Amino acid sequence: QVQLVESGGGLVQAGGSLRLSCVASGRTFRNYRMGWFRQAPGKERELVAAISWSGGNTYYADSVKGRFAISRDNANNMVYLQMNSLKPEDTAVYYCYADIRKWGTTKYDYWGRGTQVTVSS
């Protein structure tokens, strides 16, 4: 059974940085897409960033381009989200996801339980 466990969330002042980590377990993750969603109170879940198995494809939401960077360590089944220049509007629960669907598909299969990121002004 696939398990995804996020870590690295917390409280940070506006302009600060956080690095989220997600470790995947339960199977071989070769060819899996991985990425991060977030959900703020009262809002829909939003895809923030995604990365293909090889790292050759990446996606960023317009709201985080130039501030966030996604990376992965396939040897250790890890995906990371480096978040810089954080803004109060980045406050949300951040969820890791993974699946083996084709790049660009908007269905997602496996989710972590989330980690809270709170950015104070």
Side-chain angles (χ1 to χ4, degrees):
Q1 184 173 352
V2 174
Q3 283 194 319
L4 302 173
V5 179
E6 302 95 337
S7 61
L11 173 64
V12 64
Q13 287 189 333
S17 298
L18 283 174
R19 188 194 195 205
L20 304 184
S21 300
C22 172
V23 59
S25 62
R27 64 177 55 186
T28 300
F29 288 91
R30 185 172 182 80
N31 295 325
Y32 271 60
R33 306 185 298 177
M34 297 187 77
W36 296 90
F37 276 76
R38 68 185 180 187
Q39 188 165 21
K43 295 188 177 181
E44 293 188 355
R45 193 170 291 194
E46 169 192 26
L47 179 61
V48 175
I51 187 167
S52 61
W53 164 258
S54 67
N57 288 321
T58 57
Y59 166 86
Y60 294 97
D62 286 343
S63 57
V64 306
K65 281 181 181 176
R67 300 188 297 122
F68 290 11
I70 190 169
S71 60
R72 65 189 293 167
D73 173 1
N74 290 333
N76 293 297
N77 293 336
M78 300 285 295
V79 63
Y80 304 98
L81 187 67
Q82 178 66 43
M83 305 187 296
N84 299 325
S85 302
L86 282 161
K87 303 176 181 180
E89 52 263 45
D90 295 317
T91 295
V93 178
Y94 284 70
Y95 298 90
C96 174
Y97 86 90
D99 65 44
I100 202 168
R101 294 183 183 272
K102 185 179 178 181
W103 185 259
T105 303
T106 56
K107 288 188 69 175
Y108 308 91
D109 294 326
Y110 303 108
W111 300 88
R113 292 189 175 184
T115 185
Q116 176 71 46
V117 172
T118 303
V119 184
S120 63
S121 57

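Not measured: the values here are computed from a predicted model.
- Tyr108 and Ile100 end up in different hydrophobic clusters when Ile, Leu, Val, Met, Phe, Trp and Tyr side chains are linked at under 4.5 Å.
- Here Ser121 contributes atom OG and Lys87 contributes atom NZ; the two are 14.0 Å apart, rounded to the nearest 0.5 Å.
- Annotation for Asp90 and Ser85: closest pair OD2-O, 4.4 Å, computed over non-hydrogen atoms.
- In the model, Tyr60 has no side-chain atom that pairs as donor or acceptor with a side-chain atom of Arg67 under 3.5 Å.
- Taking each heavy atom of Ala14 and Pro88 in turn, the nearest pair found is CB-CD, 4.1 Å.
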Side-chain atoms of residues 76-83: list all donor-acceptor pairs with protein atoms under 3.5 Å, sequence neighbours left out, distances to 0.1 Å.
from  : atom 1 : to    : atom 2 : distance (Å)
Asn76 : ND2    : Asp73 : OD2    : 2.7
Gln82 : NE2    : Asn84 : OD1    : 2.9

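- Ile70 and Val48 fall within the same hydrophobic cluster, defined by Ile, Leu, Val, Met, Phe, Trp and Tyr side-chain heavy atoms under 4.5 Å apart, directly or through other members.
- For Lys65, the salt bridge (charged side-chain N to carboxylate O under 4.0 Å, His left out) partners are Asp62, not counting sequence neighbours.
- Looking at residues two or more places apart in sequence or on another chain, you find a side-chain contact (heavy atoms from CB on, under 4.5 Å) between Ser52 and Ser54, Asn57, Trp103.
- Note on Tyr97 and Val117: separate hydrophobic clusters, where clusters join Ile, Leu, Val, Met, Phe, Trp and Tyr whose side-chain heavy atoms are under 4.5 Å apart, directly or indirectly.
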Practice item. Apply side chain to side chain contact (heavy atoms under 4.5 Å, CB included) to the pair Leu86 and Gln13, showing each step before the final yes or no. Key: CA-CA 8 Å; Leu86 282 161; Gln13 287 189 333; over 6 Å; no
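- Within the structure, the salt bridge (Lys or Arg N to Asp or Glu O under 4.0 Å) test picks out the following pairs touching residues 107-121 (sequence neighbours left out): Arg101-Asp109.
- Scanning all heavy atoms of the two residues, the minimum distance from Phe29 to Arg72 falls at O-NH2, 4.2 Å.
- With sequence neighbours excluded, the residues that form a side-chain contact (heavy atoms from CB on, under 4.5 Å) with Val93 are Tyr95, Gln116.
- Looking at residues two or more places apart in sequence or on another chain, you find a salt bridge (charged side-chain N to carboxylate O under 4.0 Å, His left out) between Glu46 and Arg38.
- The minimum heavy-atom distance linking Met34 with Ala98 is given by the pair CG-CB, 4.0 Å.
- If you take OH on Tyr94 and CG on Leu18, they are separated by 9.0 Å, rounding to the nearest 0.5 Å.
- Aromatic pair Trp111/Phe37: ring centres closer than 6.0 Å.
- Grouping the Ile, Leu, Val, Met, Phe, Trp and Tyr side chains by contacts below 4.5 angstrom, directly or via other members, places Val64 apart from Leu47.
- The backbone N or O of Leu11 lies less than 3.5 Å from no partner atom in the side chain of Thr118, so there is not a single donor-acceptor pair.
- The backbone N or O of Asn74 lies less than 3.5 Å from no partner atom in the side chain of Arg30, so there is not a single donor-acceptor pair.
- The main-chain N or O of Gly114 is found under 3.5 Å from a side-chain atom of Glu6 such that the two form a donor-acceptor pair.
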